[in-house]
Amino acid sequence: MIPMLEAKGVQKRFGSNHVLKGIDLTIQAGQVLCLLGPSGSGKSTFLRCINHLEVINAGRISVDGELMGFRQHGDKLYEMKPSAIAAQRGEIGMVFQRFNLFPNLTAIENIIEAPVGIKKINKNQAIERAKELLASVGLSDKADHYPSQLSGGQQQRVAIARALAMDPKLMLFDEPTSALDPELVGDVLEVMRNLAKSGMTMIVVTHEIGFAREVADQVVFMDDGLVVESGTPAEVIDNPRNARTKAFIESVL
């Protein structure tokens, strides 16, 4: 079976800063992988490398069997044209820490922007789909609200609906609850739980240990640009083998 994501020997440098030092990860279709680790360990950078928002310096990343951002000719890799990369990126949904909604567009306009503009979907069809997605994240009554009229948690749920509007095969979440007030976190996690139950393949960078324990098929602990430990939630969260993993889990529980 072809994995939904396969990362082999992925390295990323920013000048002299060696952020990713050889990441190997595999996730199958329909699985949820939660990435844990201290700030600066490379989790968010790795997520951005998956959809080629950051260009890797070594290794390779494949999504659904297709090399991301590069084409291979002989034994060399060549970066693809921006249009080809954009097409690949259109199949990967990404939800950021800070929502990144267009402030001048309403919730429903934010959601239909990419399907209409990039996928050339009929606007009326896109609006119907957007209404379904808003209902699925519990925001049917907020379709005509602008981001400034929504709470942080509501904005994040619109951002999830916007990512889903492209019918992605893989969803990436970069600490989606870390910018939210504590009382708003639960609604966003509930949407993500339902998404996981629906069979969506998800990679989630998070400090929400309870969510990872409940939803993840695989938990990966990263530190200093390396995968320190990986396994089931029971293995990594409840019975970590590595001292660094154990210290981190104890610090956030």
Side-chain angles (χ1 to χ4, degrees), residues 1-97 100 114-115 117-120 163-164 166-176 200-206 216-231:
M1 183 168 33
I2 295 172
M4 181 54 75
L5 174 89
E6 187 170 34
K8 289 184 175 177
V10 173
Q11 297 194 40
K12 176 64 185 175
R13 296 174 187 269
F14 294 102
S16 61
N17 186 10
H18 199 174
V19 179
L20 300 177
K21 301 174 180 176
I23 300 292
D24 296 313
L25 274 183
T26 302
I27 179 172
Q28 300 296 337
Q31 288 191 330
V32 177
L33 183 150
C34 284
L35 277 176
L36 309 179
S39 297
S41 57
K43 307 180 303 297
S44 294
T45 298
F46 176 65
L47 221 57
R48 292 172 64 83
C49 288
I50 291 173
N51 63 2
H52 210 72
L53 287 173
E54 299 291 352
V55 182
I56 62 177
N57 301 115
R60 54 180 57 212
I61 296 172
S62 298
V63 173
D64 203 15
E66 188 179 342
L67 200 57
M68 276 300 299
F70 295 92
R71 59 181 176 81
Q72 186 161 353
H73 190 70
D75 58 357
K76 287 196 171 181
L77 295 179
Y78 298 88
E79 192 172 8
M80 290 159 58
K81 291 179 180 176
S83 59
I85 293 169
Q88 286 188 321
R89 212 176 270 149
E91 299 195 312
I92 302 172
M94 186 153 185
V95 178
F96 299 88
Q97 201 171 333
N100 288 11
I118 296 171
K119 284 199 164 180
K120 308 302 179 192
L164 291 172
M166 292 291 279
D167 289 321
K169 56 175 71 171
L170 172 65
M171 283 285 284
L172 309 176
F173 293 87
D174 188 8
E175 299 200 35
M200 175 62 74
T201 313
M202 297 160 57
I203 301 177
V204 185
V205 172
T206 185
D217 298 287
Q218 187 182 165
V219 175
V220 170
F221 175 70
M222 281 179 65
D223 193 19
D224 196 26
L226 292 165
V227 171
V228 175
E229 192 165 345
S230 66

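FYI, the numbering just counts along the sequence from 1. Keep in mind that what you see is a predicted model, and the values were worked out from it rather than measured.
Crowding of K8 atom NZ: a count of heavy atoms from other residues, nucleotides or ligands under 6.0 Å not exceeding 12.
One finds the CZ atom of F70 at 13.5 Å from the NZ atom of K76 (value rounded to the nearest 0.5 Å). For the atom pair CG (L20) and CD (E54), the distance works out to 9.5 Å, reported to the nearest 0.5 Å. Rounding to the nearest 0.5 Å places CZ of R89 at 10.0 Å from CD1 of I118. From L25, atom CG reaches atom CE of M222 across 7.5 Å, with rounding to the nearest 0.5 Å. For the atom pair I92 CD1 and M68 CE, the distance stands at 4.0 Å (nearest 0.5 Å). Atom CD in E175 sits 7.0 Å away from atom OG1 in T206 (nearest 0.5 Å).
Taking 4.5 Å as the limit, every side-chain heavy atom of Q97 sits out of range of all side-chain heavy atoms of P176. Inter-residue side-chain proximity for L164 and M200 is flagged as met; some heavy-atom pair is nearer than 4.5 Å. The closest side-chain heavy-atom distance from V63 to E91 is not below 4.5 Å. In this structure the side chain of D24 never reaches within 4.5 angstrom of the side chain of V227, judged on heavy atoms. For the pair M94 and L53, the minimum side-chain heavy-atom distance is below 4.5 Å.
Between the side chain of K12 and the backbone N or O of N57 there is no donor-acceptor pair closer than 3.5 Å. In terms of modelled atom types and a separation under 3.5 Å, the side chain of R71 and the main chain of M80 share no donor-acceptor contact. For K43 (side chain) and P38 (main-chain N/O), a donor-acceptor pair under 3.5 Å exists by modelled atom type. Remark: the backbone N or O of M4 is not paired with any side-chain donor or acceptor of K169 at under 3.5 angstrom. In terms of modelled atom types and a separation under 3.5 Å, the side chain of D223 and the main chain of S41 share no donor-acceptor contact. When atom types are taken as modelled, the side chain of R60 and the backbone of L67 share no donor-acceptor pair closer than 3.5 angstrom.
Of all heavy-atom pairs spanning G22 and L226, the tightest one is O-CD2, 4.4 Å. Heavy atoms only, all atoms of each residue included: Q218 and S230 are closest at OE1-CB, 4.5 Å. Heavy-atom minimum distance, Q28 versus I2: OE1-O, 3.9 Å. T201 and G30 get closest at one heavy-atom pair: OG1-N, 2.8 Å. Closest of all the heavy-atom pairs between G59 and I56 is O-CD1, 3.5 Å. Between G93 and P168 the shortest heavy-atom distance is N-CB, 3.4 Å.
Among V204, I203, L35, the one residue that satisfies the side-chain contact (heavy atoms from CB on, under 4.5 Å) test with F173 is V204.
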